[in-house]
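Values below: every heavy atom of this structure, side chains too, minus hydrogens, waters and symmetry copies. To find a chain, count down the sequence lines: A is the first, B the second, and so on, and within it residues start at 1.
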There are 2 protein chains.
Amino acid sequence: MDSGVKKPGVTSSRVAEHAGVSQSAVSRTFTPGASISPKTRQKVLASAKELGYRPNAIARSLITSRSRIIAVVMAYLENLFYPDVLEELGRALAAENYHLLLFTGFMDRDSDPVFDQLMQYRVDGIILASTSLSSELSEECAAAGIPVVLFNRTTERDAVSSVTTRNREGGKRIADFLVAGGHTSFGYIAGLENSSTNRDRYEGYVEGLAANGYTNLVVETGNYSRKEAEAAARVMLSRPDRPEAIFVANDHMAVAVMDVARYELGLNIPEELSIVGFDDVGPARWTSYGITTMSQPLKRMVESTVDILMDQIASGEIEAEHRILSGELIVRTSARLPQSGIVERDGQRIYRPREA
Amino acid sequence: MDSGVKKPGVTSSRVAEHAGVSQSAVSRTFTPGASISPKTRQKVLASAKELGYRPNAIARSLITSRSRIIAVVMAYLENLFYPDVLEELGRALAAENYHLLLFTGFMDRDSDPVFDQLMQYRVDGIILASTSLSSELSEECAAAGIPVVLFNRTTERDAVSSVTTRNREGGKRIADFLVAGGHTSFGYIAGLENSSTNRDRYEGYVEGLAANGYTNLVVETGNYSRKEAEAAARVMLSRPDRPEAIFVANDHMAVAVMDVARYELGLNIPEELSIVGFDDVGPARWTSYGITTMSQPLKRMVESTVDILMDQIASGEIEAEHRILSGELIVRTSARLPQSGIVERDGQRIYRPREA
DNA sequence: GCAAAATTTGCATTCGTATGCATCGAATAT
DNA sequence: ATATTCGATGCATACGAATGCAAATTTTGC
């Protein structure tokens, strides 16, 4: 009666035979909304269960030309932000009955093999995150008629959609926050130079500082890598005119910078040095770091991403859509506090100067 | 000449027509080792390029009944160990021309839907990691004739393979290390109670302590979750007879325990409290933590995992294989040091008592 | 109870590729 | 030069499920 053990080759035809109906009937039983009487449906379900039948998604894909697979490209997962994204994407896609084909662990250079695989599997959509090969790759995919969403990255060309947060405003708010905190000299540890997030955060920061009359900004590059961020921090913090406050382009690097500052240079944070990050990733919340940081609304970003994909898949129309969400400046202990502007919300302290 | 833009429906037949050959010829061109003359091969390749043709992996799978997809099940990615595994798996599988279908972000409870999806996609193999539903799920899959490898977990039933490290020996070595370090009272913060890793590490630890004449072990459970580990640490460290040394079942929790010890209870590590972890995950190496920990040889574990799968896929024989690798006790700053037994290797300090 | 409409059902075909088999041509052997 | 072999090629079919269409059945209306 039970079965459990399932022979590899249980096909719809075998079930049909066993249930005394046609193969079409079996197919319709498993196709929501198909025309089938409750009676035969039950018969089929019974036989299916007995034989341990499950529709073959491959065969289905072939004929519907829908794989129900979404490719996710994340070159590296070192930054905890991305595993979080992945987990949330897993949830969101599963809810829509889609599956997640992951491309990771390859060096950024060789985009071509990845692209080839994507095309061969006829994925229904593509999410590009944490990869610098976005631009070229995305254009190609879009040209091939596959919906593409850039996650946490944008591009000028308008063929592909994107989901981001207000990086520019974030950078600006951080500048305001640091100025309000009484700092007078500033540093920036940059992410990947050609990434839109880095560019926008930087520009907003510079703009915000300038608006307050500060132009003495020192810059080093960490390329979103821990190792390089450490090196950058060493250089910046060894300067005679070491800045009082540093905006690090993301939390992943900020953690490294804090370690270097404290343990290699013996600096007290925030008394002697203020650090602000971006992302509000796990370790930022750990007591050892307590990083003051611009949060990215992960859940909403993922929702938007999946939304866009589902829309484009359903409509068949690939029209680039750009969703820009906003985060908050979460105030913790890694930076000196301004006199005012800090409010409490949902048990967190955030920076909200009056005009905002 | 170039093309770039690719019409959705370029099939092998279209290429065949364009090249003036049969569809079979096109197929053979893209099938390594098939019988085809260099001349026609070139003709086909030229046409394929011009039309932007790529073999349809779905259709190929249908007929070969090989999807070249490996399912990876990781219920959660909070513990950085798993993203690392994922990245390495991505690399290793790509090298074998396999792809990675990721199942993540679901609560452990509902294993059934996951199982259903696995079966429907006719994946060629399954890797189960960081999930407690291993036992039931794995049996089912194995019964269905799909190779399964448990990653960092074992099970008694011998239907499924597994790759682990010597958890028991690891626990024992940690006990030896702590005893040699002069500690006299001990604590254990446990992982998931029904997981084999937790059980083995615990048993080895207890055994090692007992061998040295210590039986005064206090235990709390953190279930491999950060939040619960924090709570466990609070309880354990508030005891009047707080232990001098704590073995935390993995680094992910050890980080949390250190934060609580330092910032909530003001304890100095390692002067007043020694902490040892397991995994040697990223944050363990960060200066703020510098966790002394049993390493798990990630790369080799992944290699073995993929090895086992490839073997079983190639041979069609599913014979459970259990690979057990060994790690090292990496000595850092979170625990008091023994007088002897610490040696340097590859720029790292490891604990290697004479008999080992 | 009968005709018309609505619903089920089965047949046959399709998706795009791989592959056994037969055929054909060229290369080798005698 | 002819017989033999071997590689290259094409034909036809198969993989497993979805679906348009027509036939069969049930339901509805009067």
Note to self: Please tell me whether A:Y82 and A:T104 have a donor and an acceptor in their side chains that are separated by less than 3.5 angstrom.
What the structure shows: no
Next item on the list: Taking only the side-chain nitrogens and oxygens of A:Y121, find out if one of them lies under 4.0 Å from OP1 or OP2 of C:dG16.
Entry: no
Notebook entry, point to check: Between D:dG16, C:dG20, C:dT14, which nucleotide gets closest to the side-chain atoms of B:R28?
Noted result: C:dG20
Next item on the list: Check whether any side-chain nitrogen or oxygen of A:S27 sits under 4.0 Å from OP1 or OP2 of D:dA17, and answer yes or no.
Entry: no
Check: Can you name the side-chain contact (heavy atoms from CB on, under 4.5 Å) partners of A:A25, sequence neighbours left out?
Finding: A:V21, A:S22, A:I36
Margin query: Any residue in residues 19-26 of chain A with a heavy atom nearer than 4.0 angstrom to DNA chain D? Just list them by number, or reply none.
Written below: A:Q23, A:S24
Note to self: Please classify the nucleic acid contact of B:T11 as base, sugar-phosphate, or nothing, using heavy-atom distances under 4.0 Å.
What the structure shows: sugar-phosphate
Next item on the list: Could you list the residues that satisfy side-chain contact (heavy atoms from CB on, under 4.5 Å) with B:A34, not counting sequence neighbours?
Entry: B:R28, B:T31
Check: B:S24: what forms a side chain to side chain donor-acceptor pair (under 3.5 Å) with it, not counting sequence neighbours?
Finding: none
Checklist line | salt bridge (charged side-chain N to carboxylate O under 4.0 Å, His left out) involving B:E88 - partner list, sequence neighbours excluded | finding: B:R91
Below 3.5 Å, can you tabulate the donor-acceptor pairs from side chains in residues 93-100 of chain B to any protein atom, sequence neighbours excluded?
residue	atom	partner	partner atom	Å
B:H99	ND1	A:Y121	OH	3.4
B:H99	ND1	B:R68	O	3.4
B:H99	NE2	A:Q117	OE1	2.6

Checklist line | B:S162: side-chain contact (heavy atoms from CB on, under 4.5 Å) partners, not counting sequence neighbours | finding: B:L150, B:T154, B:H322
Margin query: So if I define the base as every atom that isn't primed, P, OP1 or OP2, how would nucleotides 22-28 of chain C read as a B/S/- string at a heavy-atom cutoff under 4.0 Å?
Written below: -------
Item checked: All pairs passing ring pair (Phe, Tyr, Trp, His ring centres under 6.0 Å) where residues 12-49 of chain A contributes a residue, at least two apart -> A:F30-A:Y53
Next item on the list: Determine which pairs satisfy salt bridge (Lys or Arg N to Asp or Glu O under 4.0 Å) with at least one residue from residues 305-320 of chain A, sequence neighbours left out, and list them in order.
Entry: A:D307-A:R323
Check: For residues 29-45 of chain B, which residues have at least one heavy atom under 4.0 Å from DNA chain D?
Finding: B:S35, B:I36, B:S37, B:T40
Checklist line | Set of side-chain contact (heavy atoms from CB on, under 4.5 Å) partners for A:S61, sequence neighbours left out | finding: A:S67, B:I58
Margin query: Just the rounded figure in Å: distance from C1' of D:dG16 to CZ of A:R60.
Written below: 11 Å
